[in-house]
Amino acid sequence: MSEPAKTSSRPAQKKLFKYPSEDETFVRRIGAGALACWGAIAPEVRERILAEAAAAWDREYNVGKLPQKLDEFVKRHPGRLA
């Protein structure tokens, strides 16, 4: 008799997007491009982008309340993000 497949009770670990320092300019520019199109992005996709940004690897550690700060940032710049 075959055994049932084992399932883990732990959630799958998300792989973080990491990049070398020489690629930082490209990461910033892609982020700026996404922000420039923010008004045309579906709300569900915006939420996903903000969630990914909050979880992203970064050279800046210990940014307190990062998810809230990211949300406040996009709300502060409606003219540039439309």
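Below, each value reflects all heavy atoms present in this structure, side chains not excepted, and no hydrogens, waters or symmetry copies. Quick caveat, the model's predicted, so the values are computed rather than measured. When a residue number appears, it is its place in the shown sequence, counting from 1.
- To the nearest 0.5 Å, atom CD1 of residue I30 and atom OH of residue Y19 are 11.0 Å apart.
- E44 pairs by the side-chain contact (heavy atoms from CB on, under 4.5 Å) definition with A42, not counting sequence neighbours.
- Separation of atoms CG (L35) and CZ (R46) is listed at 10.5 Å; rounding is to 0.5 Å.
- With values rounded to the nearest 0.5 angstrom, K75 atom NZ is found 12.0 Å from L70 atom CG.
- In terms of the salt bridge (Lys or Arg N to Asp or Glu O under 4.0 Å) criterion, residue partners of E24 (sequence neighbours excluded) are, by chain and number, R59.
- Rounded to the nearest 0.5 angstrom, L66 CG and F73 CZ are separated by 12.0 Å.
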Open item on the list: Working note: I49 + E52, criterion side chain to side chain contact (heavy atoms under 4.5 Å, CB included); need CA distance, chi angles, decisive distance, verdict.
Closed with: CA-CA 5 Å; I49 290 170; E52 291 290 337; 5.8 Å; no
